[in-house]
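Hydrogens, waters and symmetry mates play no part in the numbers below; they use all other heavy atoms, side chains included.
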Amino acid sequence: MTYQSSIAHADSLIRGQHGTWDGISAESVARMKLQNRFQTGLDIARYTAGIMRRDMAAYDADPAKYTQSLGCWHGFIGQQKMISVKKHFGSTERRYLYLSGWMVAALRSEFGPLPDQSMHEKTSVPALIEELYTFLRQADARELGMMFREIDAARASGNAIEEQRLLNAVENYQTHVVPIIADIDAGFGNAEATYLLAKKMIEAGACALQIENQVSDEKQCGHQDGKVTVPHEDFLAKVRACRYAFLELGVDDGIIVTRTDSLGAGLTKQIAVSKEPGDLGDQYNSFLDCEEIDPATARNGDVILNRDGKLLRPKRLPSNLFQFRAGSGEDRCVLDCITSLQHGADLLWIETEKPHIEQIAGMVDRIREVIPNAKLVYNNSPSFNWTLNFRQQVFDAWSKDGRDVLAYDRAKLMSVDYDGTELANEADERIRTFQRDAAARAGIFHHLITLPTYHTAALSTDNLAKAYFGEAGMLGYVKGVQRKEIREGIACVKHQNMSGSDIGDDHKEYFAGEAALKAGGAHNTMNQFAA
């Protein structure tokens, strides 16, 4: 429904009440409805799933059309990110939000800061999704409210051309509401627990759920040691649980991102069930580190596998976990990914130990031999030392090409002494183009940084504390924060407006007319920032 047709519809309703609703303005009703476009989280999930599906099709046609997101741990952070995107690029196209389980654990748990081991309350995940969308919807209401005020000012001055321009802008308004890829960890329990949590996340607005193949009760951050995977059938039960949740709630095109941690996971908690040679369970078990035994030497409590007429004893650790063969990680990743796509996954996530395009591409090439349109979500993780990794990659490439690298110590390339050198500059250029190059070469549809705003909050707070509590005093805040906000057009410099004060004033005027007691009068100090 357009703005004008919404006004007409409201006017018809008001006139049908025989004068009892005459204090209601049809245009004010239309404005409030437009400022609250999404009534429920499910409305958001259905809307954003459509965006992601269109973006996935666009990427299939042109890998230059990859998508990006940044992890956000609070609704305000997500809101400011999307306001910034619209300000700088004029559109939110192909830009999403990411909800990181790591940041929920570290920053949003009632237990206090926790490691990324699924120990935080599962309800904190859908709560953050709802919070993010509350702030994004408020960004819409704020921006549209300012446009409505400009329309009123244009009318009051008799500027019909400006009024029409603004009305056209309202009709073509682009919302701040974008897809969220939400981390459901390893499902927080069995498949039923996964299904129940998935429903809550979708009802809060999530159109894309990312689930990993680690065992729930031993889940670890993808960049830490001690990761334990589960057999494929166990994982696929949770994938199906997520799909059931989407279908039950009417989000028929919801997206499931399946993440494999097999590259860095050398352990499994259980041996897969196998009914015949070559089935999925047998393929999983084939990667176990085993030793051939004679039945006479079998020990009490041994687990024995029969393969090709041989009896094999998998290596079992004191933790009762079984060990995979060293060097089998990439093969297991490829099998994980193919299996997931063949059983309902939409996108893949391969957690790697370093950002190396050819390493990723080598696995994707093998996956695409079976699933030609396989696409990845990739974690451009702050757990990687990007500077050191790419300087070492350049060093290795130069060495292979026979170039002189005697001026560089490969083990110490992070040193500030190398900043500004030819090698460092080439490494920085590779970092700059990493997302574009990986999208073209390695099938990466979506690039995200899991924890960026965790780090930016710490860095900016450190800079402010150093200045404010030091010799700079109040100038540390004014010069380092407020003056930059003003010069760079940061919307929240007018923090009363950002928090919804003007929206509240508009509503007071709708409700009480000239009798409204409004906060935005001449004595509001925010007027100092009018220019």
Side-chain angles (χ1 to χ4, degrees), residues 117-118 186-187 189-191 194 211-240 258-343 345 348 350-354 359 362-363 365-367 369-371:
Q117 296 173 350
S118 290
N190 61 18
T194 301
I211 187 166
E212 60 202 62
N213 69 337
Q214 291 191 49
V215 64
S216 292
D217 58 350
E218 298 285 353
K219 180 259 190 297
Q220 291 276 17
C221 170
H223 294 282
Q224 292 185 316
D225 206 353
K227 293 182 290 295
V228 182
T229 63
V230 297
H232 296 97
E233 288 298 344
D234 296 53
F235 181 60
L236 294 176
K238 294 184 178 182
V239 173
R240 287 189 288 269
T258 52
R259 169 177 144 180
T260 173
D261 280 280
S262 290
L263 194 62
L267 304 170
T268 183
K269 195 165 188 176
Q270 62 201 82
I271 294 173
V273 173
S274 174
K275 296 181 179 179
E276 58 185 45
D279 65 12
L280 199 53
D282 187 49
Q283 292 180 68
Y284 186 81
N285 295 338
S286 71
F287 295 112
L288 292 169
D289 191 359
C290 301
E291 57 181 343
E292 186 176 353
I293 66 166
D294 186 304
T297 64
R299 300 189 295 259
N300 184 50
D302 270 353
V303 173
I304 307 297
L305 297 179
N306 184 350
R307 176 171 295 124
D308 298 327
K310 297 178 181 178
L311 295 181
L312 305 176
R313 178 166 53 210
K315 289 188 178 177
R316 198 178 199 175
L317 304 181
S319 60
N320 204 30
L321 300 173
F322 296 94
Q323 184 172 297
F324 289 114
R325 291 195 315 275
S328 65
E330 288 202 6
D331 291 338
R332 285 183 281 126
C333 279
V334 171
L335 178 61
D336 293 344
C337 291
I338 292 171
T339 301
S340 291
L341 291 174
Q342 289 175 332
H343 292 81
L348 304 171
I350 300 176
E351 193 76 341
T352 66
E353 81 287 1
K354 59 182 179 294
Q359 179 198 30
M363 289 183 278
D365 287 345
R366 294 172 61 188
I367 296 164
E369 290 175 5
V370 181
I371 314 288

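For the pair Cys290 and Pro314, the tightest heavy-atom approach, listed with the atom from each and the gap, is SG-CA, 3.7 Å. Nearest heavy atom pair, residue Val334 against residue Met363, reads CG2-O, 4.0 Å. Thr194 and Gly189 get closest at one heavy-atom pair: OG1-O, 4.1 Å. Nearest approach of Leu236 to Ser340, heavy atoms of both residues: CD2-CA, 4.3 Å. Shortest non-hydrogen contact noted between Glu292 and Leu312 is CA-CD2, 3.7 Å. Among all heavy-atom pairs drawn from Glu351 and Leu263, the shortest one is O-CB, 3.8 Å.
Judged as a side-chain contact (heavy atoms from CB on, under 4.5 Å), and not counting sequence neighbours, the contacts of Asp294 are Ala296, Thr297. With sequence neighbours left out, the side-chain hydrogen bond (donor to acceptor under 3.5 Å, both in side chains) criterion links Asp279 to Ser274. Annotation: side-chain hydrogen bond (donor to acceptor under 3.5 Å, both in side chains) contacts of Gln359 (sequence neighbours excluded): Glu353.
No donor-acceptor pair under 3.5 Å is formed between the side chain of Glu212 and the backbone N or O of Ala186.
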Q | Verdict with reasoning, Leu311 to Leu305, per side-chain contact (heavy atoms from CB on, under 4.5 Å) | A | CA-CA 6 Å; Leu311 295 181; Leu305 297 179; over 6 Å; no
Q: Would you sort out whether Ile271 and Leu288 count as a side-chain contact (heavy atoms from CB on, under 4.5 Å), showing the intermediate values?
A: CA-CA 9 Å; Ile271 294 173; Leu288 292 169; 4.0 Å; yes
Q | From CA spacing to verdict: side-chain contact (heavy atoms from CB on, under 4.5 Å), Val370, Leu341 | A | CA-CA 10 Å; Val370 181; Leu341 291 174; over 6 Å; no
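We find the CG-NZ distance between Asn320 and Lys269 to be 8.5 Å, quoted to the nearest 0.5 Å. Distance check, rounded to the nearest 0.5 Å: SG of Cys337 to CG of Leu348 gives 4.5 Å.
Using a 4.5 Å cut-off on side-chain heavy atoms (C-beta onward), Phe324 and Leu267 make no contact.
Listed by first and then second residue, the salt bridge (charged side-chain N to carboxylate O under 4.0 Å, His left out) pairs involving residues 313-324 are Asp289-Lys315, Glu291-Arg313, Asp302-Arg313 (not counting sequence neighbours). Residue pairs satisfying the ring pair (Phe, Tyr, Trp, His ring centres under 6.0 Å) criterion with at least one member in residues 289-323, sequence neighbours excluded, are absent. Annotation: salt bridge (charged side-chain N to carboxylate O under 4.0 Å, His left out) contacts involving residues 324-334, sequence neighbours excluded, comprise Asp331-Arg366.
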Hey, can you pull the donor-acceptor pairs under 3.5 Å for the side chains in residues 228-235, sequence neighbours left out?
residue : atom : partner : partner atom : Å
Thr229  : OG1  : Tyr284  : OH           : 3.0
His232  : NE2  : Asp336  : OD1          : 2.7
Asp234  : OD2  : Gln270  : NE2          : 3.3

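A salt bridge links Arg307 to Asp282: at least one charged side-chain nitrogen sits closer than 4.0 Å to a carboxylate oxygen.
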